[in-house]
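Below is one structure, written out as structure tokens; comments come after it.
What you see below is based on every heavy atom in this structure, not just the backbone, and it leaves out hydrogens, waters and symmetry mates.
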Amino acid sequence: MSAQSFRNEAYVSLLRGFKELDFRGTAVPCELVLAGENAFPLVMNNKDQILMAASLYGRGRIVVMAHETYLTKFPALVENAVSWLMGDQTANLVCVQTQTKAVADGLKKSTYKVNIVEAFADSQGAGVYVTSAYSVGEDPKALVAFLKAGGGVLIAGQAWHWASQHPNENTFLQFSGNKVSGVAGIYFTKNYFEAKEIPVRPQIPISLKTIDVGKSFEDDLEPLLKGVSEFDLQGDALPSEVLAHGPFAFSIGTTNDGQAFLAGSYFGKGRVIVTTHESFFQNEKLATIWYNAIHWLDQGRQGVIGFVPRIKIFPNLEMKCEKTKFRNDLSVFVCEAYSSTHVKEIQEFVAEGGGLLIGGHAWWWAHSNIGQDPTTNFSGNKILNKMGLTILKETIKAGIYEVPSLKKGSSNNFHFRRLLQRFIGHVLNGEKLTQQEEDQLKKLARHCTSFLQMKALEDFSYTQVLSFLTDSLKKVGMPQVSEKNPVQSPKDFLLLVVGAELFKVSPDPDALLPYLIKDIPLMPLVHNQRIQINANTAKSEEWISTGLYLPPAMKTYISIPTTMVKKRWMVQIGCQTDYLKHEELKRAPVVHELFHVTSEKIQVWNLWGGLIYLVAPPDSKVEGEEVIVEAAIAAPYYRFGVTTEADWLSQRASPSPWAEMEFDNVILTVPSQVIRDLDDVDEVAALWNGITKGVAELSVFPLNPNRKERFVADVQISVGWMHAGYPIMMHSSIADQLFKHEEARTKGLFWGEIHELGHNQQRSCWEFPPHTTEATCNLWSVYVHEEVLGVDREKAHRSLTLKQRKLTIDEYVQGGRNLSEWKVWTAFETYLQIQERFGWNAFKKVFAAYHTMDHIPNDNNGKMNLYAEVFSRTVGMNLTEFFKAWGWPIEEATVQKVSSLPSWDDHPMVQYA
């Protein structure tokens with residue numbers, strides 16, 4: 001039975017026989033708040049304040065009432081509660097603490113044996129224990145253990161009076177009732193209200209109000225930030241961002257734009273603090289925050305602080321500290337976020353009152369585990385998610401950051417649930433957002449994505465948020481983003497992002513789909529398509545095209561050979577892998593999906609649809625294997641040497657909106673309308689085969705010899721007009737030029753495309769970023785245009801006319817030959833002058849030399865000196881004076897190394913001496 005079904009059955013059982021509950025009288029209840037994954041409300045008034053709630057902890061059950069008089073006011077309800085709390089236990093004994101002995105009278109007619117006891121210690125053999133919130137004793141550990149082991153607890157009381165008598169105490173942790181109910185995520189609070197007649201709702205009541213418990217965290221931040229003037233995160237450490245998403249979670253340290261690197265949370269009776277890089281623990285500039293954190297986590301117990309062996313014990317704590325593995329008898333446990341051992345034990349340790357200080361980042365894990373979601377799979381998050389904290393793959397820049405203001409409502413006090421509640425209220429109820437709240441909606445969208453990716457469908461708090469977000473989306477619909485209908489407002493951005501994530505986690509995605517995509521064209525399916533898989537990858541993954549397309553939201557099964565199962569293979573739906581961060585969006589930020597091949601038959605889908613690929617992992621070799629796609633759409637697909645012109649003329653009409661053309665060493669992926677009328681496909685193949693052959697010639701051999709390059713055209717890309725990578729991305733508005741073979745050979749049409757191919761050939765050993773990043777890649781553009789396409793360099797790009805080149809040199813020389821200005825065309829001129837004197841073969845020999853070279857410097861100065869030496873030896877001439885003339889930091893040691901070679905005395909820069 002699912003957790004939701006269990007809760008629904010429990011709700012019906014607990015409120016059986018009631019249509020309303022009359023709370024009128026002199027009793028003044030307190031408001032209950034819920035924060036645990038299993039806690040759910042039973043009774044809620046018209047102001048959405050909770051009077052009764054239930055939860056689970058361990059194998060046991062608990063029911064909480066917001067005033068002790070309700071134990072006698074509603075005897076039938078108490079009987080229902082006792083029956084539910086008893087569950088499947090063989091015990092038949094109900095023990096009633098003496099302060100609530102009137103409950104025993106109400107149970108006289110039941111089948112249970114009832115004993116009245118002075119304290120829980122006298123309730124041996126009980127299946128259910130009934131007590132007031134004031135009578136749990138100074139040390140309720142035994143009662144918590146009873147609950148955890150499978151017992152039932154019925155507890156009632158109010159905390160507002162206690163809070164008024166203890167104004168400086170933390171009600172959530174110190175009120176006696178919370179020392180029991182808190183472990184199950186139900187808390188008595190100091191808030192009180194007048195209760196009236198309340199109708200019993202047909203289903204578990206949910207409320208927008210309860211998304212945010214309304215707790216102010218200034219009282220926690222004050223001791224945590226005492227004596228802290230700033231957060232100095234300067235250094236080499238690259239921390240992740242942390243999302244504080246739980247009802248009792250909050251940010252402690254954030255960047256100027258609100259990314260948290262330090263956060264805390266209440267969890268059960270305990271507390272947790274997470275920092276997003278373990279090296280911060282040893283940062284002396286952060287010593288004060290760790291001193292404060294340990295004391296906050298210890299809660300005044302003065303217990304043992306346990307440090308895992310890898311973390312140095314903090315100095316000046318004035319507390320008992322030990323190097324140890326996790327133990328239950330610790331007061332605070334300090335550890336890294338990289339271990340999945342003791343996950344449940346640590347969660348129970350904190351829930352029952354312990355403190356946890358944990359540090360680590362998730363970005364490297366995400367980088368090393370492509371296709372796996374760090375929100376659920378990263379080891380630290382397996383511990384932290386239930387506590388309302390999640391370490392994200394996003395990173396934090398090094399710097400010095402201000403301490404957050406303790407003033408309520410300060411702009412840097414971003415709270416995920418508070419803003420989420422406000423946004424949902426804006427959509428559903430028309431509540432007006434402040435300008436500050438609107439400005440934070442894009443960040444909220446990103447955090448909603450991470451929150452929804454947890455897929456915590458067993459968690460009542462999670463499913464409540466999921467329900468409200470679904471209702472919001474159904475009310476206003478997801479923006480139908482396109483080139484003609486771009487998304488610009490933060491609200492539409494949030495709806496677009498959240499809509500896509502909701503589809504992935506919704507219990508009923510088909511019912512949600514009409515609100516997400518309004519028009520999904522019907523296309524004829526092909527069935528049981530067999531695709532032969534051949535792969536021989538080196539250090540990089542490779543996409544293997546299937547020639548098939550999956551429509552938006554359609555699910556299909558793919559059968560995979562055993563040899564590829566659990567071997568890091570993936571199925572990818574969609575060719576557009578760019579993540580967009582633009583202010584104006586012409587498509588959703590993420591429109592592809594990845595699925596790990598973990599069984600011989602997997603189901604795949606993508607809300608946005610997309611071409612179907614098998615993704616071969618690095619260092620894999622597969623030959624002649626076959627996958628079977630159960631149902632999909634045929635895509636226009638041309639493969640050089642396999643597809644004839646006659647085949648192409650029929651295949652280009654295939655209904656998929658995306659088409660692929662695969663040549664010797666490159667694959668072009670474009671919108672299908674671009675190639676619907678393409679007749680001379682063999683000429684296009686000859687063009688691209690020549691281009692990629694030329695690229696490989698200049699490189700001597702490509703960096704990924706077994707992987708073809710890819711171009712993908714998209715309505716919008718992450719950066720620039722084109723950008724390098726796998727795939728190379730370009731705008732679909734210019735996709736048609738990829739097939740203009742005649743213009744390519746006469747007008748120099750392909751400068752940008754070959755420029756990006758050149759980027760993919762660059763190697764760090766002979767690159768000097770940022771100077772040459774946009775320079776040396778142009779060597780391939782010039783080489784291919786002149787040697788393959790027959791287009792002179794002056795015609796290939798306007799910056800390469802003799803007049804423009806002279807202006808470039810003059811400006812650089814007149815500016816003092818400042819190396820900081822040696823970049824793009826200025827830097828490229830240096831290489832052009834070498835090429836015009838020594839030819840392309842010199843570059844080929846130099847590149848070949850670097851392919852087998854070891855012990856290369858990491859800094860630009862060292863690499864530039866090495867390059868001058870290698871090129872000099874390659875051409876048999878001392879080029880050091882030439883490079884000096886360009887402002888290179890040539891050292892005397894380099895000059896001496898090539899001093900036996902004849903000098904290049906008539907180099908082009910001599911005239912500028």
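Under the 4.0 Å criterion applied to side-chain N and carboxylate O atoms, Asp212 and Arg417 are not assigned as salt-bridge partners. A salt bridge does not link Asp459 with Lys386: none of the charged nitrogens is closer than 4.0 Å to a carboxylate oxygen. Ion pairing between Lys393 and Glu241 fails under the 4.0 Å rule for side-chain N and carboxylate O.
Side-chain N/O atoms of His596 and Thr598 include no donor and acceptor closer than 3.5 Å. Side chains of Thr449 and Arg446: a donor-acceptor N/O pair is absent below 3.5 angstrom, by distance only. With 3.5 Å as the limit, one finds no donor-acceptor pair spanning the side chains of Ser251 and Thr254. Between the side chains of Ser331 and Asp298, at least one donor N or O sits under 3.5 Å from an acceptor N or O.
Annotation: side chain of Lys148 is not in contact with side chain of Arg59 (no heavy-atom distance under 4.5 Å). Between Phe40 and Gln4, every side-chain heavy-atom pair lies at or beyond the 4.5 Å cut-off. Between Phe333 and Ile346 there is a side-chain heavy-atom pair separated by less than 4.5 Å. Between Glu348 and Tyr57 the shortest side-chain heavy-atom distance falls below 4.5 Å. Using a 4.5 Å cut-off on side-chain heavy atoms (C-beta onward), Leu469 and Leu452 make contact. Using a 4.5 Å cut-off on side-chain heavy atoms (C-beta onward), Glu541 and Thr537 make no contact. Put simply, the side chain of Leu473 reaches to within 4.5 Å of the side chain of Leu502, judged on heavy atoms. Between Leu420 and Cys448 there is a side-chain heavy-atom pair separated by less than 4.5 Å.
Within 6.0 Å of the CG atom in Asp257, the count of heavy atoms belonging to other residues, nucleotides or ligands exceeds 12. Within 6.0 Å of the NZ atom in Lys323, the count of heavy atoms belonging to other residues, nucleotides or ligands exceeds 12. The environment of Arg327 atom CZ is dense: over 12 non-hydrogen atoms of other residues, nucleotides or ligands sit within 6.0 angstrom. Taking a 6.0 Å sphere around NZ of Lys455, one finds it holds 12 or fewer heavy atoms contributed by other residues, nucleotides or ligands. Within a 6.0 Å radius of CD in Glu230, other residues, nucleotides and ligands contribute more than 12 heavy atoms. Within 6.0 Å of atom CG in Asp859, more than 12 heavy atoms from other residues, nucleotides or ligands are found, so the atom counts as buried in its surroundings.
Between Tyr291 and His295, the ring planes are tilted. Angles from 30° to 60° get that label.
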### Message
For a ring-ring contact (aromatic ring centres under 6.0 Å, His included) check, start with the C-alpha distance between Phe281 and Phe307, then their side-chain angles and the critical distance, and finish with the verdict.
### Response
CA-CA 11 Å; Phe281 288 146; Phe307 289 77; 8.2 Å; no
### Task
Give the intermediate values and the outcome of salt bridge (charged side-chain N to carboxylate O under 4.0 Å, His left out) for residues Glu278 and Arg310.
CA-CA 10 Å; Glu278 68 280 6; Arg310 283 170 55 90; 5.4 Å; no
### Task
Would you please test Leu262 and Val242 for side-chain contact (heavy atoms from CB on, under 4.5 Å) and show each step?
CA-CA 7 Å; Leu262 183 65; Val242 59; over 6 Å; no
### Query
Is there a side-chain contact (heavy atoms from CB on, under 4.5 Å) between Phe378 and Asp373 once you walk through the steps?
CA-CA 8 Å; Phe378 174 59; Asp373 184 5; over 6 Å; no
### Task
Mind running salt bridge (charged side-chain N to carboxylate O under 4.0 Å, His left out) on Glu437 and Arg422 for me, showing each step along the way?
CA-CA 8 Å; Glu437 289 169 336; Arg422 291 282 293 130; 2.9 Å; yes
### Task
Apply side-chain contact (heavy atoms from CB on, under 4.5 Å) to Lys215 and Asp220, showing your working.
CA-CA 11 Å; Lys215 184 185 185 322; Asp220 299 291; 3.0 Å; yes
### Task
Kindly determine whether Cys321 and Val334 satisfy side-chain contact (heavy atoms from CB on, under 4.5 Å), including the steps that lead there.
CA-CA 10 Å; Cys321 301; Val334 185; over 6 Å; no
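Aromatic ring centres of Phe172 and Phe248: separated by under 6.0 Å. A distance of 6.0 Å or more separates the ring centres of Phe261 and Phe280. A centroid separation of 6.0 Å or more is found between the aromatic rings of Trp365 and Tyr338. Taking the centre of each ring, Phe416 and Phe451 come in below the 6.0 Å mark. Aromatic pair Tyr187/Tyr266: centroids not less than 6.0 angstrom apart. Remark: aromatic rings of Phe217 and Phe250 are close, center separation under 6.0 Å.
Within the 3.5 Å criterion, the main-chain N or O of Val213 finds no donor-acceptor partner in the side chain of Arg418. Judged by distance alone, the side chain of Tyr726 and the main-chain N or O of Trp543 form a donor-acceptor pair under 3.5 Å. When atom types are taken as modelled, the side chain of Gln347 and the backbone of Ile383 share a donor-acceptor pair closer than 3.5 angstrom. Counting only distance, with no hydrogens or angles, the side chain of His415 and the backbone of Ala249 share a donor-acceptor pair below 3.5 Å. Here the side chain of Ser461 pairs no donor or acceptor atom with the backbone of Ala35 at under 3.5 angstrom. Of the possible donor and acceptor atoms, none in the side chain of Glu593 sits under 3.5 Å from a partner among the backbone N and O of Gln572. Of the possible donor and acceptor atoms, one in the side chain of Asn292 sits under 3.5 Å from a partner among the backbone N and O of Lys226. Not a single donor-acceptor pair under 3.5 Å links the side chain of Thr395 to the backbone N or O of Pro239. Listed for the Thr463 side chain is a donor-acceptor partner under 3.5 Å among the backbone atoms of Phe460. Using a distance-only test at 3.5 Å, with no hydrogens or angles considered, no donor-acceptor pair links the side chain of Asn178 to the main chain of Leu173.
The two residues Trp608 and Val590 make their nearest non-hydrogen contact at NE1-O, 3.4 Å. Smallest separation of non-hydrogen atoms from Thr324 and Pro309: O-CD, 3.9 Å.
A distance of 7.5 Å separates OG1 in Thr376 from CG in Asn385, rounded to the nearest 0.5 Å. With rounding to the nearest 0.5 Å, the separation of CE in Met564 from OG in Ser620 is 8.5 Å. Of the inter-residue distances, the one linking Ser472 atom OG with Leu495 atom CG reads 8.0 Å to the nearest 0.5 angstrom. Distance check: Lys443 NZ to Gln440 CD gives 5.0 Å after rounding to the nearest 0.5 Å. Once rounded to the nearest 0.5 Å, the distance linking NE2 of His592 with CG of Leu607 reads 14.0 Å. A distance of 7.0 Å separates OG in Ser207 from CD in Gln464, rounded to the nearest 0.5 Å.
When Leu225, Ile294, Ile273, Asn283 are each tested for a side-chain contact (heavy atoms from CB on, under 4.5 Å) with Ile289, only one passes: Leu225. Here the options are Thr276, Thr390, Ile396, Leu392, the test is side-chain contact (heavy atoms from CB on, under 4.5 Å), and the partner is Ser240; only Thr276 passes.
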